[in-house]
Amino acid sequence: MAEYEGPDDQPVARARPIFTYDDGAPVKFHIQKNLPQHMIEYLERLIVNNGGAVTSEIVWKGYVLVDPRTAKGQRFQEKHTRDDRPQRYVVCYTFVAASVTKGRMLEPQKMENVTPIFEDDEKPVKLYVGLHPGASRTRALKKTITLYGGQVVDHAREAKVVIGDPTEPNFRQLEKYRDPPRTYLEP
């Protein structure tokens with residue numbers, strides 16, 4: 001779906017794809033069935049493009065992706081997080097995009113208490129980060145945005161929210177994208 005295409009949708013060139021084990025086997029994912037269809041398709045594409053596999057069955061070893069804000073997602077967490085299945089992780093669905101942005105699979109423990117906040121009408125909010133691209137705070141901000149369900153885009157004109165540093169010279173250029181209610185400029 002075009003609404004989700006961007007830098008995080010593309011497979012990342014590396015020695016081993018993100019969603020594979022050391023032996024090259026794909027990491028398996030089960031996706032909560034009542035997520036919006038466009039979100040399921042987006043997650044499936046990210047998983048497969050980065051070496052993983054999607055299964056319709058609850059996995060014994062791998063990840064169960066849920067929306068922890070829903071009753072069904074909470075039931076999944078209660079029912080499928082078990083001591084006798086130490087290699088099964090029930091995590092928020094944002095785990096997939098956040099791992100791709102990070103360039104490696106996140107530790108499941110980092111997903112505790114994570115819920116999507118950058119969402120509008122059941123779709124990720126598109127954010128453009130207009131800060132110096134090499135800055136460590138820029139990379140950290142992008143990772144945090146994807147962890148909490150947002151989608152970082154490459155161009156300000158694609159974004160609903162544009163984030164900039166008012167002390168930087170390019171901030172004035174970013175202001176031209178301020179066209180409420182379409183786009184919000186945040187310092």
Side-chain angles (χ1 to χ4, degrees), residues 1-14 17-19 29 31-32 35-36 38-47 49-50 52 63 65-70 73 89-168 170-171 173-187:
M1 303 278 122
E3 62 207 283
Y4 293 108
E5 290 179 10
D8 294 340
D9 266 357
Q10 303 305 314
V12 180
R14 61 179 47 81
I18 293 171
F19 299 126
F29 291 86
I31 303 171
Q32 178 181 326
L35 289 178
H38 59 84
M39 183 60 71
I40 291 172
E41 291 169 4
Y42 170 65
L43 292 170
E44 288 174 342
R45 194 169 57 248
L46 278 178
I47 291 165
N49 284 348
N50 287 282
Y63 293 82
L65 303 174
V66 301
D67 184 343
R69 300 169 300 179
T70 65
Y89 304 101
V90 180
V91 296
C92 180
Y93 67 86
T94 62
F95 171 83
V96 173
S99 293
V100 172
T101 298
K102 180 92 173 173
R104 64 178 175 77
M105 215 164 22
L106 296 175
E107 295 295 322
Q109 296 78 11
K110 297 228 187 244
M111 297 301 296
E112 288 180 17
N113 302 314
V114 169
T115 58
I117 58 173
F118 294 110
E119 230 180 51
D120 184 29
D121 195 26
E122 296 185 336
K123 294 179 183 167
V125 172
K126 293 181 179 185
L127 294 102
Y128 172 74
V129 181
L131 303 171
H132 188 272
S136 61
R137 70 182 176 138
T138 301
R139 289 189 302 276
L141 181 58
K142 288 179 178 181
K143 291 172 189 172
T144 301
I145 288 168
T146 56
L147 181 65
Y148 289 95
Q151 181 184 6
V152 178
V153 295
D154 288 333
H155 305 286
R157 68 182 171 277
E158 301 171 33
K160 175 134 184 149
V161 177
V162 176
I163 300 171
D165 183 346
T167 65
E168 292 287 324
N170 71 342
F171 189 75
Q173 291 174 324
L174 294 175
E175 283 186 323
K176 71 181 179 180
Y177 294 104
R178 184 182 237 161
D179 184 20
R182 190 188 75 74
T183 303
Y184 303 92
L185 179 62
E186 299 293 333

So, taking the atom named [atom1] in [X] and the one named [atom2] in [Y], what distance separates them when rounded to the nearest 0.5 Å?
X: S99; Y: K110; atom1: OG; atom2: NZ; answer: 11.5 Å
X: Q151; Y: K126; atom1: CD; atom2: NZ; answer: 5.5 Å
X: E107; Y: Q109; atom1: CD; atom2: CD; answer: 6.0 Å
X: R139; Y: K102; atom1: CZ; atom2: NZ; answer: 10.5 Å
X: L46; Y: E44; atom1: CG; atom2: CD; answer: 10.5 Å

Close side-chain approach of L127 and L141, heavy atoms under 4.5 Å: no
Side-chain contact test, heavy atoms from C-beta onward, threshold under 4.5 Å: evaluate it for Q32 versus T70 and give yes or no. yes
Closest approach of [X] to [Y] (non-hydrogen atoms, all atoms of both residues):
X: L147; Y: M111; result: CD1-SD, 3.4 Å
X: C92; Y: L65; result: O-CD2, 4.2 Å
X: I18; Y: M105; result: CG2-N, 3.7 Å

Steps toward side chain to side chain contact (heavy atoms under 4.5 Å, CB included) verdict (F95, L106): CA-CA 7 Å; F95 171 83; L106 296 175; 3.8 Å; yes
Can you give me every donor-acceptor pair (side chain of residues 114-121, partner residue at least two apart or in another chain, under 3.5 Å) with its distance?
{"residue": "E119", "atom": "OE1", "partner": "R69", "partner atom": "NH1", "Å": "3.3"}
{"residue": "E119", "atom": "OE1", "partner": "R69", "partner atom": "NH2", "Å": "3.0"}
{"residue": "E119", "atom": "OE2", "partner": "R69", "partner atom": "NH2", "Å": "3.3"}
{"residue": "E119", "atom": "OE2", "partner": "Y93", "partner atom": "OH", "Å": "2.2"}

For a side chain to side chain contact (heavy atoms under 4.5 Å, CB included) check, start with the C-alpha distance between V100 and N49, then their side-chain angles and the critical distance, and finish with the verdict. CA-CA 10 Å; V100 172; N49 284 348; over 6 Å; no
Report yes if the distance between the aromatic ring centroids of Y63 and F19 is under 6.0 Å, otherwise no. no
